[in-house]
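Below is one structure; the comments refer to it alone.
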Protein chains: 2
Amino acid sequence: MPRSGKEARARLEQAALELYLEHGFDAVTTAEIAARAGVTERTYFRHFPDKREVLFEGERRLTGWVTEALAAVPDEVAPWPAMRRAIDLIVPSLEESGRAGNRLAAIVATTPALRERAAAKEANLVALVAGLLVERGAPADEADLVALTEWGVLAHAIRTWRAAPGTPLQRHVDRAFALLGGLAGA
Amino acid sequence: MPRSGKEARARLEQAALELYLEHGFDAVTTAEIAARAGVTERTYFRHFPDKREVLFEGERRLTGWVTEALAAVPDEVAPWPAMRRAIDLIVPSLEESGRAGNRLAAIVATTPALRERAAAKEANLVALVAGLLVERGAPADEADLVALTEWGVLAHAIRTWRAAPGTPLQRHVDRAFALLGGLAGA
DNA sequence: GTCTATATCGCGATAGAC
DNA sequence: GTCTATCGCGATATAGAC
């Protein structure tokens, strides 16, 4: 058996995803996940703090994308358009991970405990974005509002995209921003 | 000891709030809460599905306020201004429950498990609002975006209000909407 | 109301990896 | 040899079944 932590971690992720899809989140025990991954239950908890977290590795990648995207926008750009540009930058990555995202969303949507975790992750992301905007020189007040609103728009666009996957995500994003501009500007 | 369910429930709430404040959420067991409330642990779980929910009774009241407020706005009013008016209607109630809200926010902010629950509650509220807007005749798409954005603005205003409690909440709300209008409209 | 499953975590020992 | 991941065992508390 390979001793490298990475492999064990990857096998645990894979095993968890399969089992959760097969039997539903609630019907699966951490012991079963560990068994399928070929490690002990104790090892599971060394890699992941609880039964849920194993599903949110993709979310960690997302935080990386957001950070990079915002860093790629010149500091002179004001918070609102800066975040707007950052969103355009991460849209292609989001579009690529569409399949995996859908599969995950299906499990999460049906399980209250997972929806809680997902909601918290999103809140953390918004807080992260607000912090990054403040680092760029934005007032805390404005940074908070911009992060909250624009991330909300992106999340909304992703939802409408899932409902109409034929259209590119970027189109949905543009449409959502235009709609909001018309509503909030008046 | 009164056997009426309501009283027991209220004592459980009180006991939980005290114990969580005294020792922190993690250091308190449901058995201790039940003991202080003078009931058995089993009774705790009859009233609340888990260790966290006992803290979110206020949130339930909030959903009631929101529903009533939206119902009080004539159906002819378009989604965005309707929600805007509904927010103005619930601001006084929010302002009254300011103290309790602050005490609760302090516990929640320091405990990841509670922040998860709070984030999920907020997401549920947004979904509820979107549903109500759809019932009023709004397209699902627009309803989702309006609920998300305007509730976000309100949440933002509550945050800035907590940071500057001298100013009335309504002032913070108006300011936040004006700020968003300037940002998103351009 | 009792009983039990199971998620979570602490600790000392062991065994691959470098 | 020194890490560091894993193992094996045990303890506790939440949550749900009967």
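Letters A, B, ... are given to chains in the order of the sequence lines, protein chains preceding strands, and every chain is numbered from 1. Below, each value reflects all heavy atoms present in this structure, side chains not excepted, and no hydrogens, waters or symmetry copies.
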Take atom CG of Leu12(B) and atom C1' of dT14(D), then tell me their distance rounded to the nearest Å.
16 Å
If you count heavy atoms of other groups shown closer than 6.0 angstrom to CZ of Arg61(B), is the number above 12?
no
Quickly work out the Glu41(B) CD to dA15(D) C1' distance and round it to whole Å.
9 Å
Send over the distance from Asp26(A) CG to dT6(C) C1', rounded to a whole Å.
12 Å
When you check the gap from the basic side-chain N to the acidic O, do Asp174(A) and Arg84(A) get nearer than 4.0 Å?
yes
Among dT6(D), dA7(C), dT14(D), which is the nearest nucleotide to the side chain of Phe45(A)?
dA7(C)
Counting distance only, does the side-chain N/O of Glu32(A) pair as donor-acceptor with the main-chain N or O of Thr29(A) below 3.5 Å?
yes
Parallel under 30°, tilted from 30 to 60°, perpendicular over 60°: which one fits the rings of Phe177(B) and Trp80(B)?
perpendicular
Flag yes if more than 12 heavy atoms outside Arg36(B) fall under 6.0 Å of its CZ atom; otherwise flag no.
yes
Out of Arg9(A), Arg60(A), Lys121(A), which residue meets the salt bridge (charged side-chain N to carboxylate O under 4.0 Å, His left out) rule with Glu53(A)?
Lys121(A)
When Leu17(A) is tested against each of Glu22(A), Glu57(A), Arg103(A) for side chain to side chain contact (heavy atoms under 4.5 Å, CB included), which residue passes?
Arg103(A)
Between the protein and nucleotides 10-13 of chain C, are there any N/O to N/O pairs under 3.5 Å, and if so, what are the atom names and distances?
unit_1  : atom_1 : unit_2   : atom_2 : d
dG10(C) : N7     : Arg42(A) : NE     : 3.3
dG10(C) : N7     : Arg42(A) : NH2    : 2.9
dG10(C) : O6     : Arg42(A) : NE     : 2.5

Any side-chain N or O of His47(A) under 4.0 Å from OP1/OP2 of dT6(D)?
yes
Does any N or O in the side chain of Thr110(A) come within less than 3.5 Å of the main-chain N or O of Ile107(A), such that one atom is a donor and the other an acceptor?
yes
Counting side-chain heavy atoms from CB outward, which of dA7(C), dA13(D), dT6(D) is closest to Thr30(A)?
dA7(C)
Nucleic acid contacts - residues 48-55 of chain A versus DNA chain C, non-hydrogen atoms under 4.0 Å
Pro49(A), Asp50(A), Lys51(A)
Ignoring backbone atoms, establish whether Thr29(B) has a side-chain N or O less than 4.0 Å from OP1 or OP2 of dA13(D).
no
